[in-house]
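A note on names: the letters A, B, ... follow the listed sequences, proteins ahead of strands, and every chain is numbered from 1. All values derive from a computational prediction rather than experimental measurement.
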Amino acid sequence: MAKNTTLIEPRLPRGFIDSEPADLAAIEQMVARIRKVYERYGFDHIQTPFLEYTETLGKFLPDTDRPNAGVFSVQDDDEQWMSLRYDLTAPLARYFAQNYQDLPKPFRSYRQGWVFRNEKPGPGRFRQFMQFDADTVGAAGPEADAEMCMMMADTMDALGLAGQYVVRVNNRKVLDGVMQAVGVTDEGQKLTVLRAIDKLDKFGPEGVRLLLGEGRKDESGDFTEGAKLDVEQAEAIVDYVKGAKPGDNEGVAELDAMQALFTSAGYGPDRIRIDPSVVRGLEYYTGPVFEIELTFKVQNEKGQDVVFGSVGGGGRYDGLVSRFRNEETPATGFSIGVSRLASALKLTGNLTSEPVTGPVVVTVMEKDRIADYQQMVAELRNAGIRAELFLGSSRQMGKQMKYADKRNAPAVVIQGSNEREEGIVQIKDLAEGAEAAASITDNAAWKMERPGQYSVPRGEMAEFVKRIPAVAAWTKANG
RNA sequence: GCCGCCUUAGCUCAGUUGGUUAGAGCGCCAGAUUGUGGAUCUGGAGGUCCCCCGUUCAAUCCGGGGAGGCGGUACCA
């Protein structure tokens, strides 16, 4: 082949991935299960576009600079900046405000789809990933928040993860009260304290103590600046995080109300648990916050333990819609990171991506009889069987068999001149053949024996193929 | 963004204390078997040793810079 030095190296943009049939089938199955739960809870499906005007997403334009901090942005013909959505909540706020007149209040919806973030990818963390959200807009009480937590738990159960996750719940008002009690009033310092608390499960009480004080050095030697609290303040916060009871306030009352609902509905602390270290989205959450934690270890392909983080979360955001409307609109919701969850499950083997069952392949033996073979394919398809004609250029049977094998085809149909004269077809069950082959070591014998192969009258082809176990299984699942 | 490690064939990795034609296993292609996927055997294709600059008679190897990958950390609306 001629050398071509201008060849383009085929490569993916960093942080993006291709998906193969088995991956897609697994994701589709996950999405279907999640949807079923959300539907059962009474949420309606809506969709918003990938692109929104940048200000809709809450990004502001620094003069002429492209607004690319964390988002991917493009400029329209009229010079309006648009950005790829980075979550499904900001678009919902826009949708709700825009359709306020016509929507039922409270408005209960779910949305599923791709979101994009322009930032460094990490383990299970991509720049394009799928989220699956549910939100109730216009309901202020803790029962709406409690429902979100219970639905998160039910969703994880529906995904086959019973006993392998915990939904952790806290309330921003409780955290605010604790900080007020120890005298942290500076806004910047408050944020640093919250971030430190959020790291409890990652670094333990000792790490949190360091982050509340001077700072902490990570294992690569990088230093993180701390909140610079004095020792007494830091100890008070650490005590709270370790479970000391905070002083009564509105947040504590809301958590108590939620806990009562969990208990009466039968959601024990093994599934939903009040946890003082949950912080989450520092900007817009105004009350209860919650997140899903996997309770098993995740390792990467090299067997290293990987810090995986939460696979879903949410909370109450009473201020978000008011960016579009001149009044407070209470809202609560949560999001499941489908891609991230799938990636964790894949690593732990909880998401077995079975190879997709291929089509029954009708081989081409006599090249002037394509029309006959095509008719066989049509017959199979009309019988509800996944089938195709071999379209490759080779007439060699070995090639066609190899192709069928690679496609994970359940069976092939063969009709050469001998079969045509007899009015029959050869149908080979490839799975049965492979099984029989295990005990045959001699190639000549293996060919002679033709394991799993049957001669069937031409008129009974479709009926026979239908009864092949792998075909029957596919038809049952997809017919 | 910051810190650390890494980058040699499609994949996993050897190797050259700086020297002429850079290797293995697996995978891929072909043949043995012109009508049968596996196994076996034989043969074959496939490399700017990540890129650029420097040192040197000579760099895949040494030095500097960059890119990419992985991990940590920060941020996460």
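- We find the CZ-CG distance between A:Arg280 and A:Asn170 to be 12.0 Å, quoted to the nearest 0.5 Å.
- Electrostatic pairing of A:Arg316 and A:Glu254 does not count as a salt bridge here, judged by no charged N lying under 4.0 Å from a carboxylate O.
- Proximity of A:Lys447 to the phosphate of B:U34: no side-chain N or O atom is located under 4.0 Å from OP1 or OP2.
- For A:Glu119, whose side chain is taken as the heavy atoms from C-beta onward, the closest listed nucleotide among B:G31, B:G37, B:C76 is B:C76.
- We find that CG of A:Asp218 is positioned 9 Å from C1' of B:C2, with the value rounded to whole Å.
- Side-chain atoms of A:Glu366 and base atoms of B:G35 include no donor and acceptor less than 3.5 Å apart.
- Considering only side-chain N and O atoms, A:Lys202 lies under 4.0 angstrom from the phosphate OP1 or OP2 of B:U73.
- Put simply, A:Arg280 has no side-chain N or O that comes within less than 4.0 Å of OP1 or OP2 on B:C76.
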Q. Can you give the dot-bracket line for RNA chain B, using ( ) for pairs inside the strand, [ ] for pairs that cross earlier ones, | for pairs with another strand and . for unpaired bases, where Watson-Crick and G-U count if both distances are under 3.5 Å?
A. (((((((..((((.....[...)))).(((((.......))))).....(((((..]....))))))))))))....
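- Comparing the same atom, C1', in B:G66 and in B:C76 gives a spacing of 28 Å after rounding to whole Å.
- Listed nucleotides: B:G1, B:G35, B:C28. Nearest to the side chain of A:Ile414: B:G35.
- A:Glu460 and A:Arg467 are not joined by a salt bridge, as no carboxylate oxygen comes within less than 4.0 angstrom of a charged side-chain nitrogen.
- Taking 4.0 Å as the cut-off between side-chain N and carboxylate O, A:Arg458 and A:Glu379 count as a salt-bridged pair.
- Whole-Å rounding puts the A:Phe203 CZ to B:G72 P distance at 10 Å.
- Ion pairing between A:Arg168 and A:Glu291 holds under the 4.0 Å rule for side-chain N and carboxylate O.
- To the nearest whole angstrom, the two P atoms, one in B:C62 and one in B:C2, are 26 Å apart.
- For the C1' atom pair drawn from B:C53 and B:C13, the interatomic distance equals 30 Å after rounding to whole Å.
- The separation of B:G25 from B:U8, taken at their C1' atoms, amounts to 15 Å, rounded to a whole angstrom.
- A salt bridge links A:Asp135 with A:Arg111: the closest approach of a Lys/Arg side-chain nitrogen to an acidic carboxylate oxygen falls below 4.0 angstrom.
- Side-chain proximity of A:Ala437 to the nucleotides B:C75, B:U36, B:G38 is greatest for B:G38.
- Salt bridge status for A:Arg127 with A:Glu119: absent, with no side-chain N to carboxylate O gap under 4.0 Å.
- On the C1' atoms, B:C49 is 11 Å away from B:U16, given to the nearest whole Å.
- Stacking of A:Trp446 onto the six-membered ring of B:A39 is not present when judged by under 5.5 angstrom between centres and under 30° between planes.
- One finds no side-chain N or O of A:Arg195 lying less than 4.0 angstrom from the OP1 or OP2 phosphate oxygen of B:A74.
- Look at CG on A:Asp442: it is 14 Å from P on B:U36, rounded to the nearest Å.
- Between the side chain of A:Asn443 and the base of B:U33, at least one donor-acceptor pair of N or O atoms lies under 3.5 Å.
- Remark: the A:Gln453 side chain and the B:U36 base include a donor-acceptor N/O pair separated by less than 3.5 Å.
- Phosphate contact (OP1/OP2 of B:C75, side-chain N/O of A:Lys199, threshold under 4.0 Å): present.
- Taking atom C1' on both nucleotides, B:A14 is separated from B:U60 by 14 Å, rounded to a whole Å.
- Proximity of the aromatic rings of A:Tyr110 and A:Phe132 is defined here by a centroid distance below 6.0 angstrom, and this criterion is met.
- Backbone-only contact: A:Lys402 has heavy atoms under 4.0 Å from sugar-phosphate atoms and none from a base.
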